[in-house]
Amino acid sequence: MKDTYKTIASASEEILFKEKNSKFFGYAFPINTEEDVKSHLEILRRQHFGAVHYCYAFQLGTEKIQFRANDDGEPSNTAGTPIYGQIQSFGVTNVLVVIVRYFGGTKLGVGGLISAYRSSAQMALEASEIVEKTINIHYSISFDYKNMNKVMRVIKEKNLDIISQKMEISCEIEIATRKKNAEIIFDIFNSFYEIKIKLLN
């Protein structure tokens, strides 16, 4: 069972690709939601207010994949698709790649555009640190305070990550575990009397 995925550690440095006086500025960003896409695009539009096109592609998710490729006014499939192709060829997800183009006065033609956007996206991803992360499953564990030691012992023994905790008369802890261990962890907590475990999406 595959329970890892590749993404980028942080935003890439700005790269610049030039073709017949057109300038292509490339950026790669780690993202978690579509909202992240919007905010990065807004910042780049302010930063490059003189640019003509802000073409991008993104991919989100590890099992259910969500993606979009946007040509932003360039001829159909000459910008977003080659950018997305690079995301796929690097095998990364939870990533946004944006290429900002300043038109240099000479048309590049369909082949020239595809090549320029592909090269810019490749350079942006090459300028990024690619890291491997685990696909984690999150559980909520509810129990009375008297069962605290039992719960904490399992968390420690199984090296589980505590995401959040609420410790009152009744306690609730959100834990995360690697996908391949998830079933075992569920069974351990489920076998305890007076301790409830439920899967969080």
Side-chain angles (χ1 to χ4, degrees), residues 3-19 22-104 107-108 110 112-138 140 161 163-164 174 176 179 199-201:
D3 73 342
T4 59
Y5 65 96
K6 285 197 296 184
T7 188
I8 60 176
S10 55
S12 70
E13 290 171 22
E14 175 184 278
I15 63 96
L16 172 60
F17 178 81
K18 289 181 185 168
E19 186 68 39
S22 272
K23 287 181 184 171
F24 297 84
F25 289 93
Y27 304 87
F29 302 99
I31 54 167
N32 292 309
T33 64
E34 272 203 64
E35 284 306 308
D36 294 345
V37 175
K38 287 176 195 155
S39 60
H40 286 305
L41 284 168
E42 275 168 23
I43 291 164
L44 289 174
R45 285 197 173 101
R46 286 201 296 272
Q47 199 177 322
H48 292 282
F49 56 84
V52 210
H53 303 285
Y54 305 83
C55 306
Y56 67 90
F58 72 82
Q59 179 168 304
L60 280 166
T62 49
E63 280 137 298
K64 282 195 291 216
I65 299 294
Q66 188 187 351
F67 70 93
R68 181 167 303 149
N70 188 316
D71 296 314
D72 194 38
E74 292 282 31
S76 191
N77 296 327
T78 59
T81 305
I83 297 170
Y84 185 57
Q86 287 305 305
I87 292 176
Q88 288 179 302
S89 85
F90 276 79
V92 288
T93 192
N94 293 358
V95 169
L96 163 69
V97 176
V98 186
I99 309 298
V100 179
R101 180 188 180 194
Y102 288 84
F103 182 55
K107 291 200 166 175
L108 301 184
V110 167
L113 284 172
I114 290 172
S115 172
Y117 280 106
R118 185 194 298 128
S119 299
S120 309
Q122 182 184 345
M123 285 165 68
L125 287 165
E126 281 170 353
S128 308
E129 185 197 344
I130 292 173
V131 291
E132 192 169 68
K133 292 191 171 184
T134 55
I135 299 171
N136 291 332
I137 302 292
H138 289 237
S140 162
D161 292 329
I163 307 300
S164 65
E174 181 184 338
K179 186 181 166 186
L199 179 66
L200 298 171
N201 289 335

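All values below come from the heavy atoms of this structure, side chains included, with hydrogens, waters and symmetry mates left out.
Judged by distance alone, with hydrogens and angles left aside, the side-chain atoms of Ser115 form no donor-acceptor pair with the main-chain N or O of Gly112 at under 3.5 Å. Asp71 places a side-chain N or O within donor-acceptor distance of the main-chain N or O of Ala79, the cut-off being under 3.5 Å. With Asn70 contributing its side chain and Asp72 its backbone, the two residues share a donor-acceptor pair below 3.5 Å. Put simply, the side chain of Tyr54 gets close to the backbone of His48: a donor and an acceptor are under 3.5 Å apart. Using a distance-only test at 3.5 Å, with no hydrogens or angles considered, a donor-acceptor pair links the side chain of Ser39 to the main chain of Asp36. Between the side chain of Ser22 and the backbone N or O of Gly104, at least one donor-acceptor pair lies under 3.5 Å. A donor-acceptor pair under 3.5 Å is absent between the side-chain atoms of Thr93 and the main chain of Thr62, judged by distance alone. Side chain of Ser128 to main chain of Ala124: a donor-acceptor pair is present (N/O by atom type, distance under 3.5 Å, no hydrogens or angles). Between the side chain of Ser12 and the backbone N or O of Ala28 there is at least one donor-acceptor pair closer than 3.5 Å. The backbone N or O of Lys179 lies less than 3.5 Å from no partner atom in the side chain of Asn136, so there is not a single donor-acceptor pair.
Listed by first then second residue, pairs satisfying salt bridge (Lys or Arg N to Asp or Glu O under 4.0 Å) with a partner in residues 119-131 number zero, not counting sequence neighbours.
Between Phe25 and Tyr102, a ring centre-to-centre spacing shorter than 6.0 Å is recorded. For an aromatic pair to be called close, the ring centres must be under 6.0 Å apart, and Tyr84 with Phe67 satisfies this.
Contact of the Ile114 side chain with the Pro82 side chain is registered, since non-hydrogen atoms from C-beta on lie closer than 4.5 Å. In this structure the side chain of Tyr56 reaches within 4.5 angstrom of the side chain of Val37, judged on heavy atoms. Residues Leu200 and Glu174 form a side-chain contact, since some pair of their non-hydrogen atoms from C-beta on lies under 4.5 Å apart. Side chains of Thr33 and Ile31 form no contact here, defined as non-hydrogen atoms less than 4.5 Å apart. A heavy-atom distance below 4.5 Å is found between the side chains of Tyr5 and Ile135. Using a 4.5 Å cut-off on side-chain heavy atoms (C-beta onward), Leu199 and Ile137 make contact. Taking the side chain as every heavy atom from C-beta outward, Leu16 and Lys23 approach each other to under 4.5 Å. Here the side chains of Leu108 and Glu19 are in contact, with some heavy-atom distance below 4.5 Å.
Glu34 CD: more than 12 foreign heavy atoms inside a 6.0 Å radius.
Atom CD of residue Gln88 and atom CD1 of residue Ile65 lie 9.5 Å apart, to the nearest 0.5 angstrom. For the atom pair Glu74 CD and Arg101 CZ, the distance stands at 4.5 Å (nearest 0.5 Å). Put simply, OG1 on Thr7 and CZ on Phe29 are 13.0 Å apart, with the number rounded to the nearest 0.5 Å. Going from atom CG of Asp161 over to atom OG1 of Thr134 covers 7.5 Å, rounded to the nearest 0.5 Å. We find the OG-CD1 distance between Ser119 and Ile15 to be 9.0 Å, quoted to the nearest 0.5 Å. Atom SG of Cys55 and atom CG of Leu113 lie 8.5 Å apart (nearest 0.5 Å).
With sequence neighbours excluded, no residue satisfies ring-ring contact (aromatic ring centres under 6.0 Å, His included) with Phe103. Applying the ring-ring contact (aromatic ring centres under 6.0 Å, His included) criterion to His138, with sequence neighbours excluded, gives no partner residue.
When every heavy atom of Ile99 is checked against every heavy atom of Ala121, the shortest pair comes out as CD1-N, 3.7 Å. Summarising the geometry of Ala116 relative to Ser120, their closest heavy-atom pair is O-OG, 2.7 Å, with the distance given to 0.1 Å.
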Subject >> Steps toward side chain to side chain contact (heavy atoms under 4.5 Å, CB included) verdict (Arg118, Gln86) >> reply: CA-CA 7 Å; Arg118 185 194 298 128; Gln86 287 305 305; 3.2 Å; yes
Original post:
Should Val100 and Tyr27 be marked as a side chain to side chain contact (heavy atoms under 4.5 Å, CB included) after you check the CA-CA gap, both sets of side-chain angles, and the distance that decides it?
Top reply: CA-CA 8 Å; Val100 179; Tyr27 304 87; 4.1 Å; yes
Original post:
Can Val131 and Ile8 be said to form a side chain to side chain contact (heavy atoms under 4.5 Å, CB included), step by step?
Top reply: CA-CA 6 Å; Val131 291; Ile8 60 176; over 6 Å; no
**OP:** Mind running side chain to side chain contact (heavy atoms under 4.5 Å, CB included) on Phe24 and His53 for me, showing each step along the way?
**Re:** CA-CA 9 Å; Phe24 297 84; His53 303 285; over 6 Å; no
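Arg45 has no carboxylate O lying under 4.0 Å from a charged side-chain N of Glu42, or vice versa, which leaves the two without a salt bridge.
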